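In what follows, a single structure is set out as structure tokens and then discussed.
Because only heavy atoms are used, hydrogens play no part in the values below, and waters and symmetry mates are left out as well, while side chains stay in. Keep in mind it's a predicted model, so treat the numbers as computed, not measured. Lettering follows sequence order; numbering is per chain, from 1.
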Amino acid sequence: MEPGGARNVLTQLRRGVLEHCVLSLLGDEPRYGFDLVKRLGEDDVMVTSEGTIYPLLSRLRRDGWVSTTWVESESGPPRRYYALTAEGRAALTAFRADWARFRDAVDGLLAEGAS
Amino acid sequence: MNAVDPLVADYLERLDRAAAALPADRRAELVLEIRDHITAAQAAGATGDADLREVLVRLGSPDEIAEAASDDRPPAAPGAYRRPGTGTELAAVLLLTLGSLFPVAGWLAGAVLLWTSRRWRVREKLLGTLVVPFGPGGLLVLAPLLHARTETCASGPVPVGAADGLIVQETVTCTTTGGGPPWLFPWAALAAGVASVVLAVLLYRTARRRADAEAPVAGGAPGASPWGSLEVGGVLTLGIGGLLAPFVGPLVGFVLVCCSARWTTREKVVAGALAVLPLLLALTGLLVVRSSG
């Protein structure tokens with residue numbers, strides 16, 4: 001399969017999952033946008049283009065799953081600080097359950113075809 | 001604040017043009033966020049041209065970013081998620097205690113709801129059924145039957161001596177058998193009432209705690225309840241049918257319940273057993289009363 005085809009599969013897989021990973025990163029404490037992007041960008045398989053995280057964060061904000069505050073920073077302009085809302089937390093809890101079932105199902109199916 | 005590097009300025013301008021299709025506020029916000037990201041990267045140590053280029057490469061092409069921003073789906077409805085409801089468990093607990101005042105049927109309905117709930121373990125369900133079977137109200141009805149005091153009176157002539165010879169008098173002698181100690185009944189009933197209420201509260205709180213730990217239910221969707229119209233009709237007939245048509249009523253209810261696709265076999269068996277139990281007890285009670293009368 002050509003590289004283009006493989007990239008398409010990953011793109012499809014990331015869809016819907018990436019935003020919940022963002023929610024999870026905010027699970028313990030609120031974080032700056034830059035921090036989130038850096039953390040997600042550590043794994044190439046999760047993010048190919050760091051800039052696309054910002055539209056994703058905007059969407060999470062519009063959906064009401066994430067709230068933002070501006071915090072003054074000594075070393076530059078005020079920075080955006082993201083936090084989970086109660087709804088976002090509920091969405092995250094639901095996703096954790098769904099993902100576990102989905103992942104186990106896929107692993108099971110892939111294991112059958114491997115022999 | 002330092003002047004914006006020409007490399008960065010060029011990048012941001014290309015991003016602005018790529019985002020031309022977006023609404024003005026989102027376009028401006030996007031450019032602002034990317035600009036702040038670059039500033040933050042610079043503050044974190046990306047100083048030279050090579051570093052800056054790497055930051056921009058990692059950000060991705062302006063076209064990609066703008067495309068991600070316009071990749072819109074309708075926003076999730078507010079209140080899309082709610083925590084799972086515990087209405088069934090509340091009804092179960094109320095019926096087992098207060099509902100037991102409505103003879104047999106009330107408690108039976110509560111017991112069926114207890115056993116079909118997915119939020120209680122078998123151990124807890126057994127407790128709920130056996131700690132005060134038929135509920136405090138049921139005991140009020142059954143206890144007098146079990147502790148029936150029977151008085152047997154016999155009358156017969158008893159010779160009584162008198163000054164001028166024997167006189168025969170009619171005397172009635174009564175003996176009382178059975179019954180528990182007089183103080184037992186009201187106290188036992190009180191203890192039963194308190195025990196069942198305390199247990200009901202504990203059961204409900206356990207159910208509420210377990211429900212909160214479950215995944216939230218999509219707002220509006222009922223979430224696979226074991227109670228459809230067939231199940232409700234079946235259980236009502238099981239409980240109240242006995243009053244309308246002895247034996248046949250509960251049997252019809254049991255058949256309805258067996259037709260349900262929402263109940264497991266074990267739940268159906270329990271419903272059937274609970275339906276048969278009061279009938280058996282009533283029969284036993286009748287036989288006991290008849291034979292001792």
Inset, instruction - Start with the C-alpha distance between A:Val37 and B:His37, add both sets of side-chain angles, then the distance that settles side chain to side chain contact (heavy atoms under 4.5 Å, CB included), and finish with yes or no. - result: CA-CA 9 Å; A:Val37 173; B:His37 175 99; 3.6 Å; yes
Legend entry - A:Arg80 versus chain B, the contacting section by heavy-atom distance below 4.5 Å: side chain
Inset, instruction - Report, as yes or no, whether the 6.0 Å neighbourhood of atom CZ on A:Arg103 holds more than 12 heavy atoms from other residues, nucleotides or ligands. - result: yes
Legend entry - Under 4.5 Å from a heavy atom of chain B, the part of A:Val47 involved: neither
Legend entry - Any side-chain heavy-atom pair of A:Ser49 and B:Leu59 under 4.5 Å: no
Legend entry - Heavy-atom donor-acceptor pair, B:Arg58 side chain to A:Gly41 backbone, under 3.5 Å: yes
Inset, instruction - Answer yes or no: is there a side-chain heavy-atom contact under 4.5 Å between B:Leu30 and A:Ser58? - result: no
Legend entry - Side chain proximity check, B:Ile34 to A:Tyr54, heavy atoms < 4.5 angstrom: yes
Legend entry - Closest heavy-atom pair and its distance - B:Ala69, A:Pro55: CA-CB, 3.5 Å
Inset, instruction - Mind running side chain to side chain contact (heavy atoms under 4.5 Å, CB included) on A:Thr48 and B:Glu64 for me, showing each step along the way? - result: CA-CA 10 Å; A:Thr48 47; B:Glu64 251 185 301; 4.2 Å; yes
Legend entry - Proximity breakdown for B:Glu29 and chain A, heavy-atom pairs closer than 4.5 Å: side chain
Inset, instruction - State whether the number of non-hydrogen atoms from other residues, nucleotides or ligands found under 6.0 Å of A:Asp28 atom CG is greater than 12. - result: no
Legend entry - Non-hydrogen atoms of B:Asp36 and A:Pro78 that approach each other most closely: OD2-O, 4.5 Å
Legend entry - Proximity breakdown for B:Ala41 and chain A, heavy-atom pairs closer than 4.5 Å: both
